[in-house]
Amino acid sequence: MMSQEQNDLITRVGPKAPAGKLMRMYWQPAALVDELEEGRPIKAVKLLGENLVLFKDETGRYGLLDRDCPHRGADLAFGRLENGGLRCAFHGWLFDTTGQCLETPAEPANSSLCKNIKQRSYPVLEKGGILWAYLGEGEPPAFPEIDCFAAPGEYTFAFKGLIECNWLQALEVGIDPAHASFLHRFFEDEDTSAAYGKQFRGASADSEMPMTKVLREYDRPIINVEHTEYGLRLIALREIDEQRTHVRVTNQLFPHAFVIPMSTEMTITQWHVPVDDENCYWYAIFTSYAAPVDKAKMRAQRLELYELPEYRSRKNKSNDYGFDPHEQATETYTGMGADINVHDQWAVESMGAIQDRTREHLGQSDKAIIQCRRLLRQEIEKVAAGGKPLLFLDAASARSIQGPATMDGIGPTKGWETYWMEVDVRRRRGAPWAAPVPAELAKKVPHLTAAE
């Protein structure tokens with residue numbers, strides 16, 4: 001168990017909170033690029049507890065400003081895009097993407113008031129189908145050369161969803177290898193050839209065995225946790241028999257993302273971005289190592305569950321997440337349908353807006369959760385002392401963070417340690433785009449070529 005003070009330390013993200021200061025040292029997803037592509041390219045955004053307005057000006061430049069107009073506090077999210085910036089609808093004050101006031105039209109013609117007015121602004125850039133914002137002080141860090149950023153646009157797809165709880169419990173479900181055998185259990189296996197775009201529904205690498213069968217029948221994984229230069233690597237082992245073991249390799253990308261295999265051809269890199277202390281968005285980039293992503297199909301699949309413009313799940317606490325007791329008895333462990341996003345959302349929202357960790361009892365299967373919290377406390381303390389946290393990268397070191405490797409396959413019980421690396425390297429070297437091979441793996445399996 002932990003104290004209430006410790007729980008507050010690692011969950012609260014306001015500007016003066018220790019975890020908030022840590023979070024402001026990283027680029028944060030602010031919106032999908034798609035959200036500003038059609039209609040009126042102005043969007044109200046709440047990020048790390050701060051009310052902001054995101055917009056794209058007439059030349060295609062992105063801006064992110066504090067939402068209250070510095071004149072008399074009116075809402076800039078209802079402003080007009082014109083004359084090179086965002087114009088407040090109250091008195092017509094005009095601001096460019098840097099926050100500089102360009103015009104104060106209600107003032108006398110010879111007024112120089114606007115020259116001394118600058119709204120607080122934040123850097124914004126586009127990467128991987130997401131618009132990223134930096135809310136911290138000084139120069140922002142460089143982006144690591146991880147797969148979802150290295151892949152060409154046609155091999156990635158970005159989406160998001162709202163979760164009504166604290167960001168940390170939403171993250172922790174993704175670094176918990178044991179829960180999938182229960183929360184995501186299906187009592188019947190489907191045709192794996194129809195698994196495109198669906199997690200835990202395909203077959204594992206080097207096997208015809210569906211993931212649904214693996215998770216259902218082998219529910220006591222051995223979990224190994226390794227510290228890496230980007231966060232944590234998790235290896236979950238489910239022994240099938242003396243000769244075969246299912247190996248699943250996932251990662252925590254510090255501070256609030258995970259990287260997991262979706263199928264033999266695709267990975268998911270997913271961030272859990274605080275709206276405030278009690279709400280968050282997950283932002284995911286799906287990366288393909290084989291064919292270009294069928295974006296239309298992926299988007300249509302997800303829009304069956306998520307409603308625009310808030311990307312709120314149609315199954316939520318107001319309708320008991322679609323719970324069906326007959327389904328729970330005969331089809332799925334939760335009785336909440338086939339979409340695992342619903343399962344995860346129920347699990348983390350049911351803990352409360354901010355989980356009371358003073359009441360929990362952790363076990364051996366929670367070792368990744370324990371290590372994640374220790375790492376988070378360590379880096380919060382580092383920032384409080386004036387240091388740079390883990391994965392706060394400069395341009396020179398950004399290329400050293402590649403991958404990270406993921407894997408989901410059935411290999412040898414003796415020799416799984418190199419098997420998972422070989423599967424990941426083989427996929428990278430066979431990709432139609434230049435998927436970087438992390439240096440660590442290249443050294444350990446140098447014999448593999450693209451043909452192999």
Side-chain angles (χ1 to χ4, degrees), residues 1-26 28-29 46-50 135-136 161-180 182-183 223 225 227 230-232 234 250-258 270-283 316-317 321 343-392:
M1 296 184 189
M2 64 170 60
S3 69
Q4 186 59 52
E5 183 181 13
Q6 290 172 324
N7 198 33
D8 289 342
L9 175 71
I10 59 176
T11 56
R12 298 192 178 275
V13 295
K16 296 181 180 180
K21 292 178 181 178
L22 173 73
M23 285 293 189
R24 283 165 175 77
M25 298 192 75
Y26 298 92
Q28 299 287 343
K46 191 170 186 181
L47 184 58
L48 301 181
E50 301 194 44
L135 273 59
L162 179 65
I163 302 179
E164 295 181 276
C165 72
N166 182 260
W167 68 276
L168 183 58
Q169 62 215 59
L171 168 69
E172 288 181 344
V173 77
I175 55 171
D176 172 7
H179 86 277
F182 301 94
L183 187 66
I223 301 170
V225 182
H227 286 259
Y230 53 79
L232 301 173
L234 287 58
T250 61
N251 305 273
Q252 185 224 355
L253 190 66
F254 193 81
H256 58 343
F258 57 68
Q270 184 164 303
W271 291 263
H272 300 83
V273 185
V275 173
D276 50 31
D277 289 340
E278 298 186 352
N279 298 275
C280 64
Y281 274 104
W282 61 260
Y283 280 83
N316 53 61
K317 66 182 70 174
Y321 304 89
H343 309 164
D344 286 340
Q345 184 171 349
W346 162 78
V348 298
E349 290 184 351
S350 70
M351 300 173 186
I354 302 177
Q355 180 194 352
D356 182 0
R357 292 175 176 81
T358 68
R359 294 171 55 82
E360 69 181 2
H361 299 78
L362 302 182
Q364 287 291 317
S365 64
D366 301 304
K367 59 177 64 175
I369 306 300
I370 295 168
Q371 291 300 319
C372 172
R373 294 177 188 176
R374 286 177 180 168
L375 182 60
L376 184 55
R377 287 196 298 268
Q378 170 189 301
E379 298 306 304
I380 287 172
E381 291 171 3
K382 189 186 296 183
V383 169
K388 302 294 186 185
L390 182 67
L391 221 60
F392 186 95

TODO: Take Arg373 and Gln6 through the test side-chain contact (heavy atoms from CB on, under 4.5 Å) and record every step on the way to the result.
DONE: CA-CA 10 Å; Arg373 294 177 188 176; Gln6 290 172 324; over 6 Å; no
Open item on the list: For a side-chain contact (heavy atoms from CB on, under 4.5 Å) check, start with the C-alpha distance between Glu379 and Met25, then their side-chain angles and the critical distance, and finish with the verdict.
Closed with: CA-CA 11 Å; Glu379 298 306 304; Met25 298 192 75; over 6 Å; no
Task: Worked verdict on Glu360 versus Asp366 for side-chain contact (heavy atoms from CB on, under 4.5 Å) - done: CA-CA 11 Å; Glu360 69 181 2; Asp366 301 304; over 6 Å; no
- [ ] Let me see the working for Arg357 and Leu168 under side-chain contact (heavy atoms from CB on, under 4.5 Å), right down to the final yes or no.
- [x] CA-CA 11 Å; Arg357 292 175 176 81; Leu168 183 58; 3.6 Å; yes
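Residues Tyr26 and Pro255 meet the side-chain proximity criterion, which asks for heavy atoms closer than 4.5 Å. Annotation: side chain of Leu162 is not in contact with side chain of Asn316 (no heavy-atom distance under 4.5 Å). Within the 4.5 Å cutoff, side-chain heavy atoms of Leu47 are placed close to those of Val273. Looking at Leu183 and Asp344, their side chains come closer than 4.5 Å, going by heavy atoms from C-beta outward. Put simply, the side chain of Leu232 reaches to within 4.5 Å of the side chain of His227, judged on heavy atoms. A 4.5 Å side-chain heavy-atom check between His256 and Val13 finds every atom pair outside the cut-off. No side-chain heavy atom of Leu135 sits less than 4.5 Å from a side-chain heavy atom of Gln28. Residues Asp356 and Gln4 are in side-chain contact: their nearest non-hydrogen atoms beyond the backbone lie under 4.5 Å apart.
Side chain to side chain, Gln252 and Gln371 fail the donor-acceptor criterion of an N or O pair below 3.5 Å.
Taking the six-membered ring where the residue is Trp, Phe258 and His272 present tilted rings, their angle falling between 30° and 60°.
Summarising the geometry, atom CG belonging to Asp276 is positioned 9.0 Å from atom CG belonging to Asn166; distances are rounded to the nearest 0.5 Å. Note: Leu375 CG to Ile10 CD1 = 11.5 Å, rounded to the nearest 0.5 Å. The distance from the CE atom of Met2 to the CG atom of Asp8 is 10.5 Å, given to the nearest 0.5 Å.
Taking the six-membered ring wherever Trp is involved, the centroid distance between the rings of Tyr321 and His343 does not fall below 6.0 Å.
For Gln355 (side chain) and Gln169 (main-chain N/O), no donor-acceptor pair under 3.5 Å exists by modelled atom type. Here the side chain of Lys367 pairs a donor or acceptor atom with the backbone of Ile223 at under 3.5 angstrom.
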